[in-house]
Every structure is written in structure tokens, then in C-alpha cells.
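Read the structure below first, then the notes.
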There are 2 protein chains.
Amino acid sequence: MLSLGTQAARVLARCENKTAKEVSRPYLGTTRRFARNVEIFGEDEPATHVYRVVSGAVRAFRILHDGRRQIMAFYLPGDLFGLEYGNSHVNSAEAICESQISVSRLSASSGFAPNSADAFPDLWPLARDEWRRMQDHMMLLVRGAEERVAHFLLEMSRRSGTTASVTLPMSRQDIGDYLGLTIETVSRTLTHLEQAGFIALRSSRQIDLCNRSALARSSA
Amino acid sequence: MLSLGTQAARVLARCENKTAKEVSRPYLGTTRRFARNVEIFGEDEPATHVYRVVSGAVRAFRILHDGRRQIMAFYLPGDLFGLEYGNSHVNSAEAICESQISVSRLSASSGFAPNSADAFPDLWPLARDEWRRMQDHMMLLVRGAEERVAHFLLEMSRRSGTTASVTLPMSRQDIGDYLGLTIETVSRTLTHLEQAGFIALRSSRQIDLCNRSALARSSA
DNA sequence: CGTGCTCTTGAGAAATCTCAAGCCCCGTGG
DNA sequence: CCACGGGGCTTGAGATTTCTCAAGAGCACG
């Protein structure tokens with residue numbers, strides 16, 4: 001069993017209540033614009049940069065053997081992404097809609113050079129957030145369609161910081177590929193939730209959450 | 001966007017080709033014995049130790065609202081587990097069968113005290129392995145029953161280092177809770193794989209992999 | 001006012017789950 | 001040595017959920 005020692009423990013403690021959005025190291029990145037469906041990075045590409053969504057939205061995904069696409073995560077404004085545990089990307093990332101992405105190089109060639117003891121507390125909260133999101137996502141994939149969709153709506157609402165209504169940047173296909181459902185099932189489930197009075201579809205991408213507690217019960 | 005700087009980049013590079021099993025910091029832990037189905041740590045307990053399986057097998061899981069159990073990971077001899085990103089455990093862990101677990105305290109009170117730059121390369125490969133395993137697991141949950149079971153058998157075979165045959169320490173219920181299937185579906189799928197000549201069930205826990213390539217095709 | 005894309009809806013097919021029964025293995029005790 | 005009992009595993013049949021295939025509706029854009 002490895003021992004982690006005093007300083008690691010202190011660093012862990014320091015990270016504990018810090019979220020990825022609060023990581024406050026200086027920004028060195030340039031902001032780039034990506035059009036809808038344009039690739040930001042691809043699977044197996046060397047992971048040379050880290051990214052932050054300034055505006056818009058991003059999907060990270062993998063293509064399965066049979067051509068199906070599994071979306072591993074959506075990233076919304078403020079979210080960091082693209083930092084890998086290895087040298088190359090395991091997922092591809094694309095802009096879901098017209099997006100501004102802050103891109104910064106991950107290497108010595110940037111003028112800024114903290115030692116690794118400084119970098120560690122930056123990396124750890126990112127890893128933790130990613131891990132938690134993924135763990136929740138995994139739990140989601142073994143539940144019924146209504147639970148998945150209800151949970152998804154609440155997650156999007158929470159993450160976009162809205163209360164009464166949520167604007168989805170992604171298509172039904174994206175939602176389906178994220179939840180492991182077909183677009184038809186996603187659509188039908190939304191219709192059911194509307195008929196139950198839990199939500200109202202202003203338009204297909206604009207959804208009012210009329211009854212959050214009922215939604216939460218559905219997602220439970 | 002945060003910058004990671006030179007040393008972090010070097011450290012990442014150093015970690016790149018290191019797996020959890022190879023992490024070589026000194027062991028300080030004492031080896032404890034856990035009987036079948038005995039809890040090693042529980043959800044929400046403070047994460048004060050790190051664990052390594054010496055013999056036996058461990059399941060890490062969460063209980064869902066409705067009483068169902070989702071197994072997040074199995075740990076086999078040589079695997080490290082229980083290291084969390086926060087202060088407390090998110091999963092519970094139990095011995096699947098009679099197991100010896102090496103337990104070491106994760107704090108300053110252990111005599112061993114590397115600085116965090118030393119601890120970082122220990123933590124990072126662990127996080128990476130865990131992340132990869134989880135990502136694969138997630139991809140698995142959106143596929144058909146036969147693919148899930150075939151993949152599971154190959155994974156267990158690979159991880160236990162055997163070639164022709166695999167001995168499963170866990171019950172059908174454990175497998176089902178890991179794969180998001182019922183025990184009946186797991187059982188039926190194994191029967192199908194046997195009828196197809198891909199495997200042979202010596203006993204319910206002892207499975208010969210007669211045709212690995214066919215299995216791999218099934219799991220693809 | 002078409003055209004193309006996305007979304008919704010329907011009906012039948014397929015996969016998985018649920019409920020129920022029975023089997024197998026193995027340890028225990030007569 | 002054999003009957004008994006319990007847990008784990010398998011099998012079956014019908015219910016349920018989700019998928020597939022197909023058609024049509026809504027909407028933005030040229």
C-alpha cells in the first residue's frame with residue numbers, strides 16, 4: 001500500500017471544497033470560435049491543450065464499433081474540459097452550437113511555469129468533478145427512460161443556473177446518445193412528462209420545469 | 001484556462017506509462033482479513049485509508065433509491081482501491097469472498113512523509129486507471145446483454161491473468177448489478193454463449209473461454 | 001413557398017424484466 | 001451413508017419496456 005504522506009494530505013484537504021469552476025490560475029489561453037458540429041479535438045490526438053467553454057456548449061463522445069455514438073459529457077459555459085490522464089485524448093469533442101472556447105497550451109512553452117506542487121491542487125479538483133459527473137452518469141444508465149430524462153433535465157437546469165426553465169443547446173439525438181436512449185424514446189418521454197404536468201415544452205429546446213419536486217421524484 | 005507549467009507536464013509524462021499495480025511507494029499497511037460479505041468501508045465514511053487486495057476480491061457499490069445496487073467496480077489481487085477525490089467515501093466496499101486486504105493510513109501520522117510533488121505521481125496513475133475502467137464500464141451499460149456479458153468475461157480473464165479459463169469470485173447477482181442486468185438475464189446469456197460454443201461452464205463460477213475471438217466479436 | 005432538418009407520433013418487433021418453479025451443489029445431522 | 005435444507009443458479013412463460021421502421025408535423029432559411 002502506498003503512503004501519501006503529510007503534504008499530499010494537506011493538498012488534498014486544500015482541494016476538498018474547491019470546484020473546477022473556481023480554479024483560479026491565470027488564464028493564458030486565446031479564445032477561439034467554433035461553429036456548430038465542428039471538432040475541437042479528436043480521439044487519439046495528443047492532448048496538448050486545456051479548454052474552457054466561454055459561451056455555447058460542447059459534447060465529448062466516443063464512437064462505438066457499430067457506429068453508435070456515446071456522449072460521455074456535455075460542457076457548458078464555465079466548464080473546463082480536455083485535460084486527460086494520459087498523453088492523448090480518449091474522447092472526441094465538438095461544439096454543439098456556435099461556441100467560444102478559451103484554449104490554453106499545456107506545456108513548458110507557455111510563459112507560466114508553476115512547479116508541480118502548485119499544479120497538483122489545480123488538477124485534482126478537475127479530476128474529482130469529472131469523476132463525480134461520470135459516476136452519476138453511470139448510475140443513470142441503468143435506470144428507466146423516465147428517470148433518465150427527468151434527471152437530465154434537472155442536471156441541465158442546475159448546471160445552467162436557471163430555475164424555472166431550461167434552454168437545451170443540444171438536439172434530441174445528442175440527448176439520446178448521452179442517456180443511452182433513442183431519439184424517439186427521448187421525445188416520447190418528454191411528451192409523457194408534459195402530459196403529467198411536470199414540464200411544458202415552450203419549444204423543443206425551451207422547457208419549463210413546472211413541477212421540480214415531481215420531476216425529482218421521477219428521477220429518484 | 002489554467003496553465004500547468006513545465007514540471008506538471010514532466011510529472012504527467014512520467015506517470016504516463018505507469019499502472020496502478022506498479023506504483024512502488026513503500027507499503028506501510030497492515031494486512032487484515034475480511035470474511036465474505038463483510039464491509040470494508042461504507043458510503044459517507046471519512047476516507048482515511050487506502051487499500052490493496054492481497055487475496056480474494058472486493059466490490060465497490062452504491063445503493064439506489066429503490067433498493068437496487070449498482071456495483072461500480074470489482075477489485076482483484078494487486079488492485080488498489082478506496083482512494084477518494086474528497087474527504088469521504090462515495091461508494092461502499094465489501095469483500096466478495098474471504099479476502100486479505102492490505103490497509104494503510106492516509107495521513108501525516110504515518111511515518112512516511114513525501115512532499116506533494118512525490119505524492120502526485122502516485123495519485124495520478126491511480127486516478128487514470130480508475131477513470132479508464134469507469135469509462136469502459138459506462139460504454140458497456142448501453143449495449144446489449146450478450147455484449148455486456150462477453151466483455152465482462154474477457155475483462156475478468158485479462159485482469160486475473162488467466163488465458164483458457166476464468167474463476168469468478170462473484171455471484172450472478174454481483175455480475176448483474178455490475179452490468180445493469182438481472183440475474184436471470186446473466187444466466188440465460190451465459191447459457192446462450194455456452195450453446196454457441198464460445199464458453200463452457202465447468203461449474204457456475206468456473207468458466208472455460210473456448211473461443212476468445214468469438215467472444216471478442218460478441219463483445220464488440 | 002419549397003427544401004431540409006428536427007422533432008413527434010404510431011404500430012409492430014425485439015429485448016429484457018418479473019414472477020414462479022425447479023435444479024444443483026454442498027454442508028449438516030441423523 | 002443418506003435425508004434434509006438453504007443458497008445460488010437455471011429455465012420457462014407472460015408482462016413490460018424500449019427499439020425499429022415509417023409517416024407526418026413544425027420550423028427555419030433561402
Exercise. If every non-hydrogen atom of Gly180(A) is compared with every non-hydrogen atom of Val142(B), which pair is closest and at what distance?
Worked result: CA-CG1, 4.0 Å

For this session: For the residue pair Thr167(B) and Gln206(B), confirm or rule out a side-chain donor-acceptor distance under 3.5 Å.
Result: yes

Exercise. Do the ring planes of Tyr75(B) and Phe81(B) sit parallel (below 30°), tilted (30 to 60°) or perpendicular (above 60°)?
Worked result: parallel

Seminar exercise, completed: Ranking dC19(D), dT10(D), dC7(C) by distance to the side chain of Thr182(A), first place goes to dC19(D)

Exercise. Rounding to a whole Å, what distance do you find between Gln206(B):CD and dC26(C):P?
Worked result: 12 Å

For this session: Name the nucleic acid region contacted by Ser187(A), choosing base, sugar-phosphate or nothing; use a 4.0 angstrom heavy-atom cut-off, strictly under.
Result: base

For this session: State whether Ser171(B) places a side-chain N or O below 4.0 Å from either non-bridging phosphate oxygen (OP1 or OP2) of dG7(D).
Result: no

For this session: Look at atom CZ of Arg202(A) and say whether more than 12 heavy atoms of other residues, nucleotides or ligands are closer to it than 6.0 Å.
Result: no

Exercise. Once you round it to whole Å, what is the distance between P of dT10(D) and CD of Glu194(B)?
Worked result: 9 Å

Seminar exercise, completed: Atom NE2 of His192(B) and atom C1' of dC9(D) are separated, to the nearest Å, by 15 Å

For this session: Under 4.0 Å between any heavy atoms, over every strand shown, what does Ser203(B) touch: base, sugar-phosphate, or nothing? Just pick one.
Result: nothing

Exercise. Side-chain donor-acceptor pair under 3.5 Å between Asn37(B) and Arg59(B), yes or no?
Worked result: yes

Problem set entry | hbond_proxy Arg188(A) side chain to dG10(C) base (donor-acceptor, 3.5 Å cutoff) | yes

Exercise. In whole Å, what is the span from the CG atom of Leu201(A) to the C1' atom of dC27(D)?
Worked result: 15 Å

Problem set entry | Plane angle bin for Phe41(B) and His89(B) - parallel if under 30°, tilted between 30 and 60°, otherwise perpendicular | parallel

For this session: Could you tell me the separation between the CZ atom of Arg205(B) and the C1' atom of dT10(D), rounded to a whole number of Å?
Result: 14 Å

Exercise. Could one point to a donor on the side chain of Arg172(B) or the base of dG7(D) with an acceptor on the other under 3.5 Å away?
Worked result: no

Problem set entry | Nearest-Å distance for atom pair CG/C1', residues Asn37(A) and dG4(C) | 15 Å

For this session: Would you indicate what Arg36(B) reaches in the nucleic acid, counting non-hydrogen atoms under 4.0 angstrom: base, sugar-phosphate, or nothing?
Result: sugar-phosphate

Problem set entry | 5' precedence on DNA chain D between Ser204(B) and Glu146(A) (nearest-nucleotide basis) | Ser204(B)

Exercise. Which is true for Leu181(A) with a 4.0 Å heavy-atom rule: it touches a base, it touches only sugar-phosphate, or it touches nothing?
Worked result: sugar-phosphate

Exercise. Rounded to whole angstrom units, what separation is found between the CG atom of Asp174(A) and the C1' atom of dC7(C)?
Worked result: 13 Å

Problem set entry | Rounded distance (Å) that lies between atom C1' of dG22(C) and atom CD1 of Ile183(B) | 14 Å

Exercise. Touch check for Gly180(A), heavy atoms < 4.0 angstrom, all strands: base, sugar-phosphate only, or nothing?
Worked result: sugar-phosphate

For this session: Indicate, with a heavy-atom threshold strictly under 4.0 Å, whether Arg143(A) touches base, sugar-phosphate, or nothing.
Result: nothing

Exercise. So does Glu184(A) reach the base of dC21(D) with its side chain, donor to acceptor, closer than 3.5 Å?
Worked result: yes

For this session: Please determine if a side-chain N or O atom of Thr185(B) lies less than 4.0 Å away from the OP1 or OP2 oxygen of dT16(C).
Result: no

